[in-house]
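Because the structure is predicted, anything quoted here is derived from the model rather than measured. The residues of the chain are indexed from 1 along the displayed sequence.
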Amino acid sequence: EGGTTSTQVTATLNTLSGKPVTVTLVTSGTATEGPDYTMGHTIVIPQTFVTAQGILAVSVTLAAVVDNLNEFDETVTIDIDTVTNATEDSVQQRTVTIINDELVPTVSLAVGSPTINETTGTTSTLVTATLNTLAGKEVTVTLVTTGTATETADYTIGHTIVIPQTFNTASGVPAVSVTLMAVPDLLNEFNETVVIDIDTVTNANEKDGFQQQTVTMIDDDAVPTVSLLIGSATINETTGVTATQVTAELNTLSGKEVTVTLSPAGTTTENSDYTLNHTIVIPQTFFTAQGIRSVSTTLSALPDLLNEFNETVIIDISGVVNADENATQQQTVTIMDDDAISTVSLSVGSATINEETGTTSTPVTATLNTLSGKPVTVTLVSSGTATETADYTIDHTIVIPQTTLTTNGISSGILSVSVTLAAMMDSLNEIDETVIIDIDTVTNANENNVQTKTVTIVNDEVLPLVRLSVGSPTMNEETS
């Protein structure tokens with residue numbers, strides 16, 4: 001098309017002819033007459049009148065037509081169609097190749113919109129390959145996609161763009177598009193990207209050697225809500241069912257990892273009465289068929305030896321990431337105490353005390369056989385030969401405080417508490433007297449069989465002196 005752009009096509013007689021010879025040409029090949037070349041189809045060799053002036057050969061011109069199309073080299077095949085007043089010398093055929101010398105076009109990549117929605121509104125965009133000039137060769141552009149979105153699950157796209165070759169400049173197509181379309185789902189997820197690159201180009205070059213476009217798919221699904229569930233509302237402390245599941249459940253699958261933070265309260269003490277993991281993580285769903293809506297953690301009772309009241313663990317949601325709490329979620333688990341009830345025994349420091357000097361009092365002690373998680377109240381009743389308040393004093397109520405637990409085990413545990421039996425001093429020389437002490441009632445424990453203790457109050461007054469006297473040293477026998 002540039003440089004030598006034409007050639008002569010010549011019809012030659014083997015001898016001069018006294019008749020005019022007409023040669024009609026016909027053309028074929030890959031080139032198209034008119035758009036690609038021009039040529040006269042009739043050659044007339046004039047008749048010869050004088051031999052010295054005869055003409056054996058006449059030519060027509062085959063000229064290439066210049067265009068701006070990068071195309072394959074094309075051929076023009078020239079045959080003799082008819083000959084008048086001469087005969088074709090066997091089959092005459094010639095081929096001329098038109099060499100393409102246009103620059104190879106470059107292809108650019110563009111998108112209609114850099115953002116699309118997943119479900120509503122604009123959910124697709126065109127991805128267009130555009131040539132800088134029309135091409136006489138079919139151009140094939142192969143795309144490759146990456147990004148955070150997953151093809152087929154999140155979007156669809158055609159990976160091959162074919163720009164048809166141009167035969168006629170006026171009707172050429174410089175650009176062809178494929179559609180990137182979001183695939184809707186019900187997953188609340190992060191906005192995702194589709195990164196589109198040109199992988200290969202046939203019959204053209206990638207512009208600047210690198211073409212890349214990014215489309216962001218905006219998620220428009222509702223944020224899921226999380227509810228709190230428990231397997232059982234009651235568990236035992238030591239035997240039988242001693243644990244239950246605490247479950248965070250979404251109302252729908254989520255494309256984001258959901259973290260639920262739990263906050264326990266109640267009458268129990270964590271790590272001494274129970275253990276519980278405070279964080280539940282529900283993994284994100286990539287494919288709906290494999291999604292997980294709920295994850296559980298275990299609330300486990302910790303056994304101890306304390307007879308105590310049934311205790312509660314109140315579980316609340318204190319925080320949710322990538323979801324919303326379904327109104328206020330709260331669950332209560334009761335830990336049933338199954339330890340043996342403590343028994344109480346009674347003892348005295350001394351079985352005898354003095355009324356006035358020396359040891360005049362003694363402790364009266366209520367003792368548990370084991371520590372108790374409940375306050376134990378022991379009510380005493382006294383009897384005997386001694387009279388209360390006149391001969392002695394004693395407090396009739398003993399309270400053994402409950403034992404509390406800490407994360408390191410038992411603390412502040414007391415097995416026994418005492419009251420004092422104190423003799424009341426007087427000036428009377430009297431018989432030794434007894435105080436008999438019994439347990440009347442016990443709250444939150446049992447009396448260890450019958451508990452009775454006797455304390456003798458020893459009289460330590462001086463013996464009184466006896467003196468004798470008469471009213472009159474004389475008296476009459478009969479009168480007066």
Side-chain angles (χ1 to χ4, degrees), residues 70 103-133 135 137-165 173-224 250 252-259 281-293 295 321-323:
N70 173 257
L103 294 175
V104 176
T106 60
V107 63
S108 301
L109 201 62
V111 293
S113 173
T115 60
I116 59 175
N117 295 330
E118 183 186 282
T119 306
T120 60
T122 302
T123 60
S124 65
T125 188
L126 293 177
V127 180
T128 304
T130 303
L131 297 175
N132 67 326
T133 182
K137 300 177 183 178
E138 180 180 87
V139 175
T140 301
V141 181
T142 304
L143 304 178
V144 62
T145 56
T146 56
T148 58
T150 302
E151 190 169 1
T152 69
D154 295 317
Y155 67 93
T156 60
I157 187 174
H159 283 258
T160 303
I161 298 176
V162 177
I163 304 174
Q165 71 184 103
V173 177
V176 172
S177 301
V178 292
T179 300
L180 169 65
M181 181 170 290
V183 175
D185 57 39
L186 298 176
L187 299 177
N188 173 252
E189 53 200 341
F190 297 105
N191 296 336
E192 296 173 305
T193 58
V194 183
V195 180
I196 310 162
D197 289 279
I198 292 178
D199 188 22
T200 62
V201 180
T202 304
N203 296 325
N205 293 327
E206 186 174 1
K207 183 181 179 181
D208 300 328
F210 180 76
Q211 292 290 302
Q212 185 182 83
Q213 295 293 331
T214 299
V215 176
T216 300
M217 292 191 296
I218 306 297
D219 183 73
D220 51 7
D221 292 298
V223 176
L250 297 175
T252 183
L253 294 171
S254 175
K256 299 178 183 178
E257 181 180 88
V258 175
T259 301
V281 177
I282 304 173
Q284 71 184 107
T285 295
F286 294 98
F287 301 102
T288 303
Q290 302 169 2
I292 297 173
R293 288 178 51 218
V295 171
V321 178
N322 295 327

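Here the shortest heavy-atom pairing between Ala323 and Val223 reads CA-CG1, 3.7 Å. Considering all non-hydrogen atoms of both residues, Lys256 and Phe190 come closest at CE-N, 3.5 Å. Closest heavy-atom contact between Thr133 and Pro105: CG2-CB, 3.7 Å. A pairwise comparison of heavy atoms in Thr285 and Gly291 identifies OG1-CA, 3.4 Å as the closest pair. When all heavy atoms of Leu187 and Gly255 are compared, the pair lying nearest together is CB-N, 3.8 Å.
Looking at Thr122, its side chain never comes within 3.5 Å of a backbone N or O of Ile116 through a donor-acceptor pair. A donor-acceptor pair under 3.5 Å links the side-chain atoms of Arg293 to the main chain of Leu250, judged by distance alone. In this structure, Asn188 contributes its side chain and Pro224 its backbone to no donor-acceptor pair below 3.5 Å. Side chain of Glu257 to backbone of Val281: no donor-acceptor contact under 3.5 angstrom is found. Of the possible polar contacts, one joining the Asn191 side chain to the Asp219 backbone as a donor-acceptor pair under 3.5 Å is found.
A donor-acceptor contact closer than 3.5 angstrom links the side chains of Thr142 and Thr200.
Rounding to the nearest 0.5 angstrom, the gap separating the NZ atom in Lys207 from the CD1 atom in Ile198 is 11.0 Å. Atom CE in Met217 sits 7.0 Å away from atom OG1 in Thr148 (nearest 0.5 Å). Taking CG of Asp197 as the start and OG1 of Thr146 as the end, the distance is 6.0 Å to the nearest 0.5 Å. Rounding to the nearest 0.5 Å places CD1 of Ile282 at 9.5 Å from CD1 of Ile292. Going from atom CG of Asp154 over to atom CG of Asp185 covers 6.5 Å, rounded to the nearest 0.5 Å. Taking CG of Leu109 as the start and CD1 of Ile196 as the end, the distance is 6.5 Å to the nearest 0.5 Å.
Tested against Asn203, the residues Val139, Leu131, Val104 include a single side-chain contact (heavy atoms from CB on, under 4.5 Å) partner, Val139.
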Check: Do Val194 and Ile157 pass the side chain to side chain contact (heavy atoms under 4.5 Å, CB included) test, and can you show the C-alpha distance, the side-chain angles, and the key distance before you say yes or no?
Finding: CA-CA 10 Å; Val194 183; Ile157 187 174; 5.6 Å; no
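Listed by first then second residue, pairs satisfying side chain to side chain donor-acceptor pair (under 3.5 Å) with a partner in residues 111-120 read Thr119-Asp220, Thr120-Asp220, not counting sequence neighbours.
Side-chain contact between Thr160 and Thr140 is present, with at least one heavy-atom pair separated by less than 4.5 Å. Within the 4.5 Å cutoff, side-chain heavy atoms of His159 are placed close to those of Thr145.
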Can you list, pair by pair, the side-chain donor-acceptor contacts under 3.5 Å of residues 173-183, counting residues two or more places apart and other chains?
residue	atom	partner	partner atom	Å
Ser177	OG	Thr128	OG1	2.5

